[in-house]
Amino acid sequence: MIDLTEAAHDLAALGWAVFPLRPRDKKPYPNTRGLEDASQDVAEVVAWWHGAATLPRKDPGKPAARAGRAANVGVATGAGSGFFVLDVDGQTGMDSLLRMTRAYSPLPHTVRQSTGKGGHLLFAWPEGREPRNRAGSLGQTESGVRPYPGLDIRGEGGYIVAAPSIHPSGRLYSWAEGCSPFERPLAAAPRWLLDLVCPVEEPRPSPRSSVNVGVGNEDAYGRAALQGACDAISGARPGTQNDTLHRRAFSIGRLVAGGVLDRQRAEAALVAAGMAMASGNPREPWTRQAVAKAVEHAMKRAEGFPKAAPPKRQEGAR
């Protein structure tokens, strides 16, 4: 039997809100409210794990439960504990994580643990945002497409099982080497991840914020494609902006690689469209440097996928 009292004590001492879970389980004890009674009081936490105090009851008319030294350690995520979690579920989640970081940028080194079949990446609670629980819907489009299956968010109203608890499979939860909360501070999540985690529903910008690409030497097909991309970017809602900017810039980059559009003019129009996006956080407006970097990255990726304009229809053709 593993004694998890010390782990519960140490996490509560960090200021994390801790509560007992049933041994080798992810569920709270019967007749308890679980994370609703999570505590940062070290003495209270130790008393729970020693079995010296009963757990707060959900129903006063039913018997109170007692935990013990073998109880798994649950930690409430959210502002109270000061972090939210990117939960990577199995190989599907690992594949999605790799695809997501390739599309945006690598994630910073932060507190990280291995679970029974995946992992948890912990990020500092962001000022001005409120990550909430999300199951497999990161980057979900208006049409319902979920580009990153196997990636969940544990935020306000959620919890995780913390190392060295025992997974129902018998495996131990374990902090990655050098990445326990006692060895490494919680990193701040990059802006692009916060935009995926905390999409802000706002009205679309007015037509005045759209970007007119003007008239260049390109044919009507190229101009129409660039105008459509700019309109989609400038009108993207917070939470979808990074994805829209990357996808649309990549599509225009293919036309640039195919000789349909002039790169310099296309990049200038795309950056202008990106600067017209309404920020989901007024304290963090879009910067020209960030937008230009995203456009440049998408253009670079598109170089290997050139696309030509469709053949023009001849006069009188049927």
Subject >> Steps toward side chain to side chain contact (heavy atoms under 4.5 Å, CB included) verdict (Leu121, Leu97) >> reply: CA-CA 11 Å; Leu121 294 140; Leu97 181 63; 4.2 Å; yes

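- Under the 4.5 Å side-chain criterion, counting only non-hydrogen atoms from C-beta, Met100 is in contact with Trp192.
- One distance of note links OG1 of Thr115 with CD1 of Ile160; it measures 10.0 Å at 0.5 Å rounding.
- Of all the heavy atoms in Ile153 and Arg132, the pair that sits closest is CG2-O, 3.4 Å.
- Proximity of Ser251 to Lys307: side-chain heavy atoms (C-beta onward) are nowhere separated by under 4.5 Å.
- No donor-acceptor pair under 3.5 Å is formed between the side chain of Glu156 and the backbone N or O of Asn133.
- Looking at Arg265 and Glu267, no side-chain N of the basic residue comes within less than 4.0 Å of a carboxylate O on the acidic one, giving no salt bridge.
- The minimum heavy-atom distance between Ala67 and Ala71, with the atom names listed, is CB-CB, 4.0 Å.
- Nearest heavy-atom pair across Asn31 and Asp59 is OD1-N, 2.8 Å.
- Note that CG of Asp89 is 11.0 Å distant from CD of Gln91, once rounded to the nearest 0.5 Å.
- The closest side-chain heavy-atom distance from Ser81 to Val75 is below 4.5 Å.
- In this structure, the ring of Trp16 has its center less than 6.0 angstrom from the ring center of Phe83.
- The two atoms that bring Leu255 and Ala225 nearest to each other are CD1-CB, 3.6 Å, heavy atoms only.
- There is no side-chain donor-acceptor pair under 3.5 Å between Asp41 and Ser39.
- Taking the side chain as every heavy atom from C-beta outward, Pro181 and Trp175 approach each other to under 4.5 Å.
- Using a distance-only test at 3.5 Å, with no hydrogens or angles considered, a donor-acceptor pair links the side chain of Gln40 to the main chain of Gly80.
- Under 4.0 Å is where a charged nitrogen must lie from a carboxylate oxygen, and between Glu177 and Arg184 no such pair does.
- Between His50 and Arg69 the shortest side-chain heavy-atom distance falls below 4.5 Å.
- Taking CG of Asp262 as the reference point, atom CG of Leu226 lies at 10.0 Å (rounded to 0.5 Å).
- Side-chain N or O atoms of Ser234 include one that pairs as donor or acceptor with a backbone N or O of Cys230 at under 3.5 Å.
- Of the charged side-chain nitrogens involved, none lies within less than 4.0 Å of a carboxylate oxygen, so that Arg134 and Asp152 do not count as a salt-bridged pair.
- Between the Arg112 side chain and the Gly119 main chain, no donor and acceptor come within less than 3.5 Å of each other.
- For the pair Ser96 (side chain) and Pro149 (backbone), a donor-acceptor distance under 3.5 Å is present.
- The cationic atom of Arg22 (NZ for Lys, CZ for Arg) does not lie both less than 6.0 Å from the six-membered ring centre of Tyr29 and within 45° of the ring axis.
- To the nearest 0.5 Å, atoms CG (Asp243) and CZ (Arg248) are separated by 10.5 Å.
- Residues Cys198 and Arg129 form a side-chain contact, since some pair of their non-hydrogen atoms from C-beta on lies under 4.5 Å apart.
- Under the side-chain hydrogen bond (donor to acceptor under 3.5 Å, both in side chains) criterion, Asp37 pairs with Arg33, sequence neighbours left out.
- In this structure, CG on Leu151 lies 10.0 Å from CE on Met94, to the nearest 0.5 angstrom.
- Of all heavy-atom pairs spanning Asn242 and Asp195, the tightest one is ND2-OD2, 3.3 Å.
- Under the 3.5 Å distance criterion, with hydrogens and angles disregarded, no donor-acceptor pair is assigned to the side chains of Thr244 and Gln241.
- For the pair Trp49/His9, no side-chain contact is recorded, criterion being any heavy-atom separation below 4.5 Å from C-beta on.
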